[in-house]
Amino acid sequence: MNKKIGNIFKGDKVIWKVFFFLCMISIVEVFSASSGLTYKSQNFISPIMKHTGTIAIGVLVAVVTLNIPCKYFKLMTPFLLLISFITLLWVLLGGETINGANRVIEIPGFTFQPSEIAKGTMILAEAQILSAMQREGGADKDAFKYILWLALPITFLIGLENLSTAAMLFAIVVLMMFIGRVSMKQIGKLAGIVGGLAVVGLIFIMLVGNADAAEQQTATAAKVVKTEKKGKIEKLFHRADTWKGRILKFGKEEVSPKEYDLDKDAQVAHANIAITSSGIIGKGPGKSVERDFLSQAFSDFIYAIIVEELGILGAGFVVFLYIVLLYRAARIASRCENNFPALLAMGLALLLVVQATFNMMVAVGLAPVTGQPLPLISKGGTSTIINCAYIGALLSISRSAKMRKQKAVVQQKDTDDAAEA
């Protein structure tokens with residue numbers, strides 16, 4: 001029986017344990033944080049059953065993915081790139097509008113976010129470019145150019161409707177360049193250009209954006225999550241209002257509790273209340289108070305609910321799980337004989353951990369509101385399943401790395417035995 005179970009759950013055991021704990025925390029905390037949904041629908045079991053079903057599908061996807069040999073991931077790259085570009089254009093022109101942004105495509109029966117597919121595809125393509133162009137002194141100088149040819153259009157298309165996701169993806173692309181031994185001179189020039197463009201973009205947002213319109217949109221979104229599909233394409237940078245509102249809110253001076261406007265800053269305020277009222281061990285699972293006031297308690301601000309219910313110890317444990325995930329990915333990468341699986345393992349781990357870091361920083365007030373869910377914990381459809389596929393890919397890489405290590409040990413033993421004879 002144990003052997004049969006082991007044949008299903010193959011790969012790095014530590015990653016499996018981290019995956020299990022994140023899924024269990026997700027089920028418990030999403031059930032608690034979905035009180036607003038259950039109240040509206042008057043069905044207290046349906047939201048959590050749907051989320052549990054999504055996780056079950058994700059686990060199945062992870063098991064299927066881990067059984068795909070790593071070499072076949074390369075073959076998938078051209079098809080995934082084509083799908084990514086088509087769906088990113090599709091969502092801009094005819095996607096479903098939710099909370100003022102076109103981020104999902106509605107297909108009869110379900111919706112999905114093209115950006116989730118595009119993120120993993122970009123990491124996969126970059127790992128392939130860097131591995132193919134490794135030289136004795138580092139990556140070939142042309143690798144930098146090829147990576148940007150893919151990264152710039154992908155991040156631009158994502159950034160029009162989801163700037164935080166585009167910025168996060170581009171940061172991971174640069175981190176992978178560093179890991180892949182791209183010239184520091186090239187990375188330095190890129191950092192300077194990006195910094196300059198960021199300043200120009202910030203000035204543009206502050207000049208064009210309308211913070212009052214963003215506040216009205218936020219207030220409407222708190223009551224109605226889904227809006228009607230647009231009849232025509234909105235102006236190219238219609239998200240500037242939201243971006244300016246978030247920047248102003250994050251950069252404003254602290255005010256006393258009596259002067260704080262709960263109507264305008266409800267999410268941040270109730271997230272802060274949830275965290276400050278938690279204590280060491282928290283209020284206990286299912287006993288959150290602020291979940292009833294946070295409009296995205298089960299998604300963007302679920303870490304605040306985790307802190308409130310599980311306390312500093314529980315919140316620290318969640319951080320520990322992501323750290324372990326990154327550490328194990330680095331260990332797996334160090335055991336890989338080839339560059340491609342090593343770079344892919346690090347890229348996928350960074351994709352999950354960097355996003356988790358953004359989410360947790362927003363929840364505790366260290367970063368402006370970005371709308372990034374907590375990977376493998378927040379309630380979601382496409383994001384949950386795709387993140388599970390990333391875990392499956394890590395497990396697949398760990399399997400091949402482990403087999404190579406065992407083969408090397410056997411060969412070394414045979415060599416030693418032959419020498420003794």
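Note that the structure is predicted; figures quoted are calculated from it, not measured.
With contacts defined as side-chain heavy-atom distances shorter than 4.5 Å, the pair I391/L376 qualifies. In this structure the side chain of F85 reaches within 4.5 angstrom of the side chain of P153, judged on heavy atoms. The shortest side-chain heavy-atom distance between Y390 and P375 does not fall under the 4.5 Å cut-off. Two residues are said to be in side-chain contact when any heavy atoms from C-beta on lie closer than 4.5 Å; I377 and Y322 meet this criterion. For the pair K10 and L395, the minimum side-chain heavy-atom distance is 4.5 Å or more. Taking 4.5 Å as the limit, every side-chain heavy atom of I15 sits out of range of all side-chain heavy atoms of F20. Counting heavy atoms from C-beta on, the side chains of I55 and S26 come closer than 4.5 Å.
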| Does the side-chain contact (heavy atoms from CB on, under 4.5 Å) test come out yes or no for T121 and I154, once each step is laid out? | CA-CA 10 Å; T121 302; I154 287 177; 5.7 Å; no
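If you check the side chains of N162 and S164, you find a donor sitting under 3.5 Å from an acceptor. In the model, Q113 has no side-chain atom that pairs as donor or acceptor with a side-chain atom of S383 under 3.5 Å.
Using a cut-off of 4.0 Å between Lys/Arg side-chain N and Asp/Glu carboxylate O, E308 and K283 are scored as salt-bridged.
For F21 and F317, the ring centers sit closer than 6.0 Å to each other.
Not one N or O on the side chain of S32 forms a donor-acceptor pair closer than 3.5 Å with the backbone of V28.
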